[in-house]
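Excluded from the calculations below are hydrogen atoms, water molecules and symmetry mates; all remaining heavy atoms, backbone and side chain alike, are included.
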Amino acid sequence: MTRVLVIGSGGREHAIAHALLRGGSVTDVYCAPGNPGMNADGIITVALSQSNHSALIDFARDKNIDWVFVGPEAPLIEGLVDDFQAAGIPAFGPSRAAAQIEGSKTFAKELMARHSVPTAAYATFSEYDPAVAYVREQGAPIVIKADGLAAGKGVTVAMDEDTAEAALADIFLDKRFGEAGSRVVIEEFLDGEEFSLMCFARGTEFWPMPISQDHKRAYDGDLGPNTGGMGAYSPVPQIPSSMVDEALDTIITPVLEGMAAEGTPFTGILYAGLIATASGPKVIEFNARFGDPETEVVLPKLTSDLGSGISALLSGGEPEFTWDTTRTTLGVVVASEGYPDTTQVGATVPELDYSASVAEHGTHVYYAGVAQAAESANASDSDSAGLVSSSGRVLLVQTTAASVPAAQEIIYSVLDAASADGLFYRHDIGAKAI
């Protein structure tokens, strides 16, 4: 009997917890704080904040938790893994020091420079006027990034100088991202197809997952503001396997070896956001955890036991991770109107009729920004009974099929048949693969 505590509340954590239970070796999964949409999958939600380290440690001890999986970036950067380990509780994820690879874009850029990892040319600024002067000197297109955590929304790909200067004003003058915007990284614009490469990592060892591609812009045709992600699919047929192999050799290997050599070894999920340029793969960004929504389309491809694999990683053993490489997984996010800017919450979450496709395709709903409606606190007739939207990204519908068009047909037949007042979704997820 293995008991696991997953930290987090989003669709990513729902997918992690669901995969752990599906594997078989893990018998009980608790999720703190979780969300009420998880309950239908047998995940036990716990009303504890991910920032309350002492309460989480007490809970893990009380429930005899075997190990902990820390999902989101914020608790990793706040040192939650360090605190669990100091309390004698195994936790999967990078230390506070290693999580800087996501917590500071400057840290990541300097690490890459020291170890000759291919990435965009850049400069870092902590004041508005010098940053604007640099933009005018370099010209557009150019990329503006808040240095710290901004929930996937701190990046502006500016196709003209006015847009770049407006982004700098947003960060420096209007303080949109608070402390996360105290520094800005300005990067060379890279042209090419983006893809996500995630790996299980332990020191200098790593086990890559199938690549995926997410859709950052809010609206069809890659229009609108950047979001945390509006959908994803895997595999990415337009990225050749040789490009992935090159990325493992020139990016993942030197980064992990460099971090180990410098005294910040990385154990956990290393996410490389990459772009396939004419001169090979280059790094756009690193994350210190599973991507979201990539997790919801990559983990359903896992054919081995996730819990056994992570247990082996934590104990120093040899993990086994095997994948379905023949079929396509695709997921579409349903978001609240106004996301990612002025998000409108409180919309009724539709009851999605996907029962006919479950047996054949494994269609699944992963919940994120949902809450139990006050008048439906005891509702349990279906996954979404009595749920209302509570933040930007509300849920993701995922399916598995023989091809991207087949997966699109399944998902959009489900979504288009639902009443989604106050919610929206993109209608072209996966289109780049066709």
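Legend: ring pair (Phe, Tyr, Trp, His ring centres under 6.0 Å) pairs involving residues 17-43, not counting sequence neighbours, sorted by first then second residue: His18-His364, His18-Tyr366, Tyr30-Phe59. Sorted by first then second residue, the side-chain hydrogen bond (donor to acceptor under 3.5 Å, both in side chains) pairs that include residues 184-200, not counting sequence neighbours, are Lys109-Glu187, Lys145-Glu187, Glu193-Gln213, Glu193-Gln238, Ser196-Tyr271, Ser196-Glu294.
Using a 4.0 Å cut-off between charged nitrogen and carboxylate oxygen, Asp428 and Arg426 count as a salt-bridge pair. Ion pairing of Glu102 with Arg289 is present here, as a side-chain N (NZ or NE/NH1/NH2) and a carboxylate O approach within less than 4.0 Å. For Arg22 and Asp41, the salt-bridge test fails: no basic side-chain N is under 4.0 Å from an acidic carboxylate O.
Between Leu197 and Pro208, the shortest heavy-atom contact is CD1-CB, 4.5 Å. Residues Val404 and Ala433 approach most closely at CG2-CB, 3.9 Å, considering heavy atoms. When every heavy atom of Ala272 is checked against every heavy atom of Phe286, the shortest pair comes out as CB-CE2, 3.7 Å. Between Pro225 and Asp341, the shortest heavy-atom contact is CG-OD2, 4.0 Å. What you find for Phe177 and Ala146 is that their closest heavy atoms are CD1-CB, 4.1 Å. Pairing each heavy atom of Tyr367 with each of His14, the nearest pair is N-ND1, 2.9 Å.
With rounding to the nearest 0.5 angstrom, the CE atom of Met198 is 5.0 Å from the OG atom of Ser212. In this structure, CD1 in Ile251 is found 4.5 Å from CG in Leu274, a value given to the nearest 0.5 Å. Lys105 NZ to Met112 CE: the interatomic distance, rounded to the nearest 0.5 Å, is 10.5 Å. We find the CD-CG distance between Glu320 and Leu306 to be 12.5 Å, quoted to the nearest 0.5 Å. The OG1 atom of Thr156 sits 7.0 Å away from atom CG of Asp170, with the distance rounded to the nearest 0.5 Å. Here CZ of Arg393 is found 6.5 Å from OG1 of Thr227. Values are rounded to the nearest 0.5 Å.
Between Val298 and Pro210, the closest side-chain pair of non-hydrogen atoms falls below 4.5 Å. Between Glu110 and Tyr122 the shortest side-chain heavy-atom distance falls below 4.5 Å. The shortest distance between side-chain heavy atoms of Pro72 and Glu13 falls below 4.5 Å. Side-chain contact between Leu20 and Asp305 is absent, with no heavy atoms from C-beta onward closer than 4.5 Å. The shortest side-chain heavy-atom distance between Val332 and Leu330 falls under the 4.5 Å cut-off. Side-chain contact between Leu21 and Ile43: present, with at least one pair of heavy atoms (C-beta onward) separated by less than 4.5 Å. Within the 4.5 Å cutoff, side-chain heavy atoms of Trp67 are placed close to those of Ser311. Side-chain contact between Phe92 and Val68 is absent, with no heavy atoms from C-beta onward closer than 4.5 Å.
Of the possible donor and acceptor atoms, one in the side chain of Thr119 sits under 3.5 Å from a partner among the backbone N and O of Val283. The backbone N or O of Gly280 sits less than 3.5 Å from a side-chain atom of Thr277, completing a donor-acceptor pair. At distances below 3.5 Å, not a single donor-acceptor pair connects side-chain atoms of Lys432 with backbone N or O atoms of Val236. Side-chain atoms of Asp147 do not come within 3.5 Å of backbone N or O of Val184 as any donor-acceptor pair. Under the 3.5 Å distance criterion, the side-chain polar atoms of Asp66 are matched with a main-chain donor or acceptor of Arg3. Thr343 places no side-chain N or O within 3.5 Å of a backbone atom of Ser391 that could act as its donor or acceptor partner. Formation of a donor-acceptor pair under 3.5 Å by the Arg12 side chain with backbone atoms of Pro293 is not found in this model. A donor-acceptor pair under 3.5 Å is formed between the side chain of Ser49 and the backbone N or O of Ser51. Side-chain atoms of Ser304 come within 3.5 Å of backbone N or O of Thr322 as a donor-acceptor pair. Listed for the Gln408 side chain is a donor-acceptor partner under 3.5 Å among the backbone atoms of Ile429.
Checking Tyr425 against Asp416 by side-chain atom types alone, a donor-acceptor pair falls below 3.5 Å. Thr399 and Thr363 are linked by a side-chain donor-acceptor pair at a separation below 3.5 angstrom, with hydrogens and angles left out of the test. A donor and an acceptor atom, one from each side chain of Thr163 and Asp160, are located under 3.5 Å apart. Ser9 and Asn35 are not linked by any side-chain donor-acceptor pair at a separation below 3.5 angstrom, with hydrogens and angles left out of the test. Side-chain contact of Thr303 with Asp324: a donor-acceptor pair under 3.5 Å is absent, judged by distance alone.
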Exercise. Can you check side-chain contact (heavy atoms from CB on, under 4.5 Å) on Asn287 and Glu73, steps first, answer last?
Worked result: CA-CA 8 Å; Asn287 292 328; Glu73 59 272 27; over 6 Å; no

For this session: Please test Val29 against Ile44 for side-chain contact (heavy atoms from CB on, under 4.5 Å), starting from the C-alpha separation and ending with a verdict.
Result: CA-CA 6 Å; Val29 175; Ile44 307 164; over 6 Å; no

For this session: Would you please test Met259 and Ile101 for side-chain contact (heavy atoms from CB on, under 4.5 Å) and show each step?
Result: CA-CA 9 Å; Met259 293 186 76; Ile101 197 168; 3.9 Å; yes

For this session: Could you please spell out the steps behind the side-chain contact (heavy atoms from CB on, under 4.5 Å) verdict for Val155 and Ile144?
Result: CA-CA 6 Å; Val155 177; Ile144 311 297; over 6 Å; no

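Not less than 6.0 angstrom separates the ring centroid of Phe200 from the ring centroid of Phe206.
Using the six-membered ring where Trp is involved, His427 and Tyr412 have ring planes that are parallel, under 30° apart on the 30 and 60° scheme.
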